[in-house]
There are 2 protein chains.
Amino acid sequence: MPHSDEVFTALASPTRRAVLALLLDGPKRVQELAEHFDMRRPSLSEHLKVLREAGLVSERRSGRFRFYSLEPEPLREVADWLTPYERFWREKLTGLRDLLDEEDGL
Amino acid sequence: MPHSDEVFTALASPTRRAVLALLLDGPKRVQELAEHFDMRRPSLSEHLKVLREAGLVSERRSGRFRFYSLEPEPLREVADWLTPYERFWREKLTGLRDLLDEEDGL
DNA sequence: TTGGTAGGTAGGAGATTTCCTACCTATAGT
DNA sequence: ACTATAGGTAGGAAATCTCCTACCTACCAA
């Protein structure tokens, strides 16, 4: 069970958020992930390690390959953390909506 | 208009998340916030600066004091980012994910 | 067994973060 | 005007992050 510290820290990197987004499509090999980033493979490996330790991805070995899969459960901690604030931006949003009806793309 | 990078980065620190939590109660002076942390005031000032630049707090001057208020709107970006993942942990919650697990080895 | 490929680990350079002390500015009260 | 208080800024030390190259292991194929 990952501590939420590790989860928030893992999400702080745009690269790591992009990895998670790629995994929304389904499990991927490291190489397949690496193609999307302008960085050497070992660097990506380290990002994957951070994600693994936060519990946000899991690894399955298959022959020479390792498939990484999304493990979104820790994100629930983020959603839960967000809950008490939700009320506030909703208030702000509805106030704004009267004035800027089309601006907030929702 | 804060970029979501700054928002996620701001949230990566437990201290800064705790500041936001304290501000759920309403605006507070710096000293009042500082009481909750085991750190010198200038260090907290720097955390407040990160939060300000992420648009997550605002400052209002009143005499010698500065009141910090929660500005939760940027958190909506986080909630929005979370949306596509929500479906997945919901599935996991209902146990559906366990059935699909055998299938992700494509 | 030899060679090629997937991907991790080691170690280090440079940037960034996080804390500190020292100092500065602004306001309030006397 | 003088002093005290609130809180920000400057600059630096230590820790951490993020990238790199070099290397290692594991597996597959000939």
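Keep in mind that this is a model prediction, so the values were computed, not measured. Order of the sequence lines fixes the chain letters, A, B, ..., with proteins taken first and strands second; residue numbering starts at 1 for each chain.
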Item to complete: Walk me through it: do A:Lys49 and A:Glu46 pass the test salt bridge (Lys or Arg N to Asp or Glu O under 4.0 Å)?
Response: CA-CA 5 Å; A:Lys49 185 179 184 183; A:Glu46 283 153 23; over 6 Å; no
Are OP1 or OP2 of [N] and a side-chain N or O of [X] less than 4.0 angstrom apart?
{"X": "A:Ser43", "N": "D:dT18", "value": "no"}
{"X": "B:His47", "N": "C:dC19", "value": "yes"}
{"X": "A:Arg41", "N": "C:dA6", "value": "no"}
{"X": "B:Tyr68", "N": "D:dA6", "value": "no"}

How long is the line joining [atom1] of [X] and [atom2] of [N], in whole Å?
{"X": "B:Leu48", "N": "D:dT9", "atom1": "CG", "atom2": "C1'", "value": "14 Å"}
{"X": "B:Lys28", "N": "D:dA6", "atom1": "NZ", "atom2": "C1'", "value": "17 Å"}
{"X": "A:Glu53", "N": "C:dG8", "atom1": "CD", "atom2": "C1'", "value": "13 Å"}
{"X": "A:Glu46", "N": "C:dG7", "atom1": "CD", "atom2": "P", "value": "15 Å"}
{"X": "A:Phe65", "N": "D:dA29", "atom1": "CZ", "atom2": "C1'", "value": "13 Å"}
{"X": "A:Gln31", "N": "C:dG7", "atom1": "CD", "atom2": "P", "value": "6 Å"}
{"X": "A:Arg17", "N": "D:dT18", "atom1": "CZ", "atom2": "P", "value": "11 Å"}
{"X": "A:Arg61", "N": "D:dT25", "atom1": "CZ", "atom2": "P", "value": "15 Å"}

Main-chain N/O of B:Phe67 paired to B:Arg60 side chain as donor or acceptor, under 3.5 Å: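 Between the backbone of B:Phe67 and the side chain of B:Arg60 there is no qualifying donor-acceptor contact (under 3.5 Å).
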For A:Arg17 and A:Leu11, indicate whether the former's side chain and the latter's backbone hold a donor-acceptor pair under 3.5 Å.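 At least one qualifying donor-acceptor pair exists.
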Margin query: Classify the ring geometry of A:Tyr85 against A:Trp81: parallel below 30°, tilted from 30° to 60°, perpendicular beyond 60°.
Written below: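 The rings of A:Tyr85 and A:Trp81 sit tilted, inter-plane angle from 30° to 60°.
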Between C:dG8, D:dG7, D:dC20, which nucleotide has the shortest distance from any of its atoms to the side chain of A:Arg40?
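The answer is D:dC20, which lies nearest to the side chain.
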What's the closest nucleotide to the A:Arg52 side chain, out of D:dG8, D:dC19, C:dG8?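 My answer, after comparing the listed nucleotides, is C:dG8.
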Categorize A:Arg66 for me: base, sugar-phosphate, or nothing, with a 4.0 angstrom heavy-atom threshold over every strand shown.
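Sugar-phosphate contact only.
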So, does the side chain of B:Arg64 form a donor-acceptor pair with the base of D:dG7 at under 3.5 Å?
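Answer no: no donor N or O sits under 3.5 Å from an acceptor.
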Taking the nucleotide of DNA chain D with the nearest heavy atom to each, does B:Phe67 or A:Ala12 sit closer to the 5' end?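 Mapping each residue to its closest nucleotide by heavy atoms, the 5'-most match is B:Phe67.
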Measuring from atom NE2 of A:His3 to atom CD of A:Glu53, what distance do you get when rounded to the nearest 0.5 angstrom?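 Between atom NE2 of A:His3 and atom CD of A:Glu53 there are 15.0 Å.
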